2 protein chains.
Amino acid sequence: MTSMITVRAETLLRWAITVLEKAGASHPAAVATAEALVDANQRGLDSHGVTQLHFYLPGLKAGTMRGAAEPTVETDLPAAAVVDGHHGLGPYVARFAMDLCCSKARSAGAAVVGVRNSTHFGAASCVSEQAAYQNCIGIVVSNSDPGMGPPGALGPILGTNPLAVAAPFRREQPVSLDIATSVAAQSKVVLAAREGRAIPTGWAIGPDGEPTTDPASALAGAMLPMAGHKGFGLAVIIDILAGCLTGSALSPEISNDPAHPAQQRTGHLLIAIAVDRFVTAEHYGSRLERLAHTVHTAPRAPGTDRFLLPGELEASEARQRATEGIPLASASASLLAEIGATHGVPFPP
Amino acid sequence: MTSMITVRAETLLRWAITVLEKAGASHPAAVATAEALVDANQRGLDSHGVTQLHFYLPGLKAGTMRGAAEPTVETDLPAAAVVDGHHGLGPYVARFAMDLCCSKARSAGAAVVGVRNSTHFGAASCVSEQAAYQNCIGIVVSNSDPGMGPPGALGPILGTNPLAVAAPFRREQPVSLDIATSVAAQSKVVLAAREGRAIPTGWAIGPDGEPTTDPASALAGAMLPMAGHKGFGLAVIIDILAGCLTGSALSPEISNDPAHPAQQRTGHLLIAIAVDRFVTAEHYGSRLERLAHTVHTAPRAPGTDRFLLPGELEASEARQRATEGIPLASASASLLAEIGATHGVPFPP
């Protein structure tokens with residue numbers, strides 16, 4: 001275990017906003033982006049936390065990511081829209097698009113919004129949960145730079161294209177599923193490489209198509225799809241939804257190399273379903289409590305942990321980190337210190 | 001290998017329609033149901049083919065499944081609806097609901113239709129592909145009787161709740177993904193039990209929560225979720241979408257035991273996205289061809305098969321079975337012969 005430092009979420013948030021503004025982001029884009037990244041840290045999704053600035057800042061500096069861009073609505077129908085992100089910060093673009101999607105869902109019952117010319121938007125669950133807090137079920141997919149290939153592939157073919165779904169539940173925390181279509185998110189391998197840890201068997205293949213536990217070899221090779229052909233098929237479908245249907249790039253065309261910034265043209269597809277246009281809030285709530293009860297009380301063999309709804313682990317982590325602060329591994333802290341020095345915003349603040 | 005008989009799709013279709021009508025189904029419900037089951041056989045999805053009549057007919061006889069029921073629209077918004085299936089045949093109910101969903105999507109851009117009080121609808125891809133043939137991307141989820149539990153579960157907790165997505169592609173065949181949230185569909189275990197075959201390791205646990213390759217033990221135990229916690233989480237989400245949001249049963253409440261017919265109250269959720277309201281048909285088609293080319297020509301290690309889009313294997317099987325007929329294992333043929341004898345419609349015809 002590497003040594004850790006601990007930072008409060010509010011402190012991390014203010015620091016990240018300042019860094020993004022110094023790098024040319026508008027205030028609202030900096031706030032939306034920093035909030036998304038710190039929210040991921042808060043829920044324990046550190047691979048999608050503030051260390052993502054390592055990928056965002058070179059693009060802002062090179063102008064391939066446009067920190068002052070405002071998203072525009074290109075196609076506007078009662079239950080559908082296409083939003084152009086104009087290469088702005090992904091979390092800001094996605095927040096705009098999901099607000100539009102929920103607004104349409106409230107009047108039409110449901111809506112679908114495609115997003116073109118966006119960039120990496122952080123954890124997909126930040127966007128889906130935004131819908132859940134507006135009493136909509138939010139479904140979010142995005143393509144991403146190529147990182148996944150099936151067994152036998154000599155290098156990555158598609159992105160690890162994530163899928164997230166969040167459903168309103170109790171006030172404090174939606175039911176929230178956020179999965180890469182690979183066995184694990186590639187950013188977990190980036191983090192393992194940064195922290196000098198091996199990765200589990202079955203996560204990835206090296207550039208020769210053979211299984212590997214070395215994160216460097218995995219990054220030169222490909223992540224394996226989850227559930228074999230099912231995960232690969234789902235990644236294809238997500239490229240159709242986020243790429244073909246929106247006018248954005250396909251995952252094999254997306255670049256996310258901080259050493260060589262390029263326009264990403266990442267695509268997202270967002271769906272919002274207004275719960276109370278389908279059933280009463282009372283009915284929905286009592287049925288979901290029933291489902292939670294069934295999962296929580298299901299008979300299990302001795303030594304087996306209680307079964308959980310998706311998002312419960314992250315909600316528990318968020319409660320703990322709200323009181324104890326966000327722990328950062330020393331490699332992550334060093335990266336933030338380096339970023340801080342470059343932008344004249346010392347870290348830790 | 002058990003011995004096989006071969007039947008032409010048209011012959012199987014006429015036989016199944018007649019059986020369903022003799023069992024009390026209305027003509028349109030019998031046609032929609034038989035078409036869905038034979039379509040599954042045609043594409044090689046034999047576990048969702050005409051042998052499903054074994055589950056449908058006892059319900060029709062007992063009146064828990066209502067073969068003459070007509071679905072009604074209970075909630076009607078520009079981009080959303082709730083359909084009540086009134087316990088009719090699932091494939092007929094789902095076809096009605098998906099037609100409604102596509103019609104709304106054409107005018108509003110996209111639509112979501114919830115279905116309550118339905119029954120097993122066959123292969124989910126029959127419903128999603130129906131949207132694709134109307135130039136919509138179709139997304140379909142359904143809950144189902146409990147059959148899946150995570151490692152350590154003493155029996156099933158949730159259904160193997162399927163997800164299907166179909167996207168228009170070339171004229172002859174959509175891109176079509178159809179996956180159970182379990183490692184494998186439970187109906188494949190039913191088929192294996194019927195045909196006396198062992199199941200692969202990793203598919204299921206016995207009633208004691210231990211891994212098993214015996215289909216009988218697996219049916220008394222539970223299927224394992226695909227990709228571990230991801231598949232279980234997705235099944236929870238599908239129960240929220242198909243159950244909580246529609247006013248239907250939750251998967252733990254659904255019964256599908258032919259020996260004890262009961263009202264299923266299965267729920268589905270259907271989404272249709274009108275492709276040409278998002279991008280031009282030309283743009284979409286050329287980008288999807290590009291994606292297909294990338295997958296098909298991806299570099300691979302010697303001995304590795306060409307990578308495929310979801311649905312390509314099934315389309316190839318359908319072309320072969322269109323000329324050569326549908327092969328039925330002897331255990332399946334015996335089951336159909338028994339059904340035929342009971343209903344006065346001999347099989348093979």
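All values derive from a computational prediction rather than experimental measurement. Labels below follow one simple rule: chain letters A, B, ... track the order of the sequence lines, proteins then strands, and each chain is numbered from 1.
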What part of P252(B) gets closer than 4.5 Å to chain A, counting heavy atoms only: side chain, backbone, both or neither? side chain
What part of Y284(A) is in contact with chain B, defined as an atom under 4.5 angstrom from a non-hydrogen atom: side chain, backbone, both or neither? both
By a 4.5 Å heavy-atom criterion (distance strictly below it), what part of I273(A) contacts chain B: side chain, backbone, both, or neither? side chain
Tell me, for S248(A) versus chain B, whether the close heavy atoms (under 4.5 Å) come from the side chain, the backbone, both or neither. backbone
What part of L291(A) is in contact with chain B, defined as an atom under 4.5 angstrom from a non-hydrogen atom: side chain, backbone, both or neither? both
Chain B heavy atoms under 4.5 Å from L245(A): which part of the residue, side chain, backbone, both or neither? both
With a 4.5 angstrom heavy-atom cut-off, is it the side chain or the backbone of P299(A) that approaches chain B, or both, or neither? both
Could you walk me through whether V82(A) and V279(B) satisfy the side chain to side chain contact (heavy atoms under 4.5 Å, CB included) test, starting with their C-alpha distance in whole Å, then the side-chain angles of each, then the deciding distance to 0.1 Å, before giving a yes or no? CA-CA 9 Å; V82(A) 176; V279(B) 285; 5.9 Å; no
Region of A81(B) that comes under 4.5 Å of a non-hydrogen atom in chain A: backbone
Which answer fits P151(A), side chain, backbone, both or neither, if we ask what part of it has an atom under 4.5 Å from a heavy atom of chain B? backbone
Closest-packed option against chain A by number of heavy-atom pairs under 4.5 Å, given G233(B), A108(B), A301(B): A108(B)
Distance col, row L77(B):CG vs F278(A):CZ, nearest 0.5 angstrom, shows 7.5 Å
With a 4.5 angstrom heavy-atom cut-off, could you sort out which part of E253(A) is near chain B: side chain, backbone, both or neither? side chain
Heavy-atom proximity to chain B below 4.5 Å, by part of L308(A): backbone
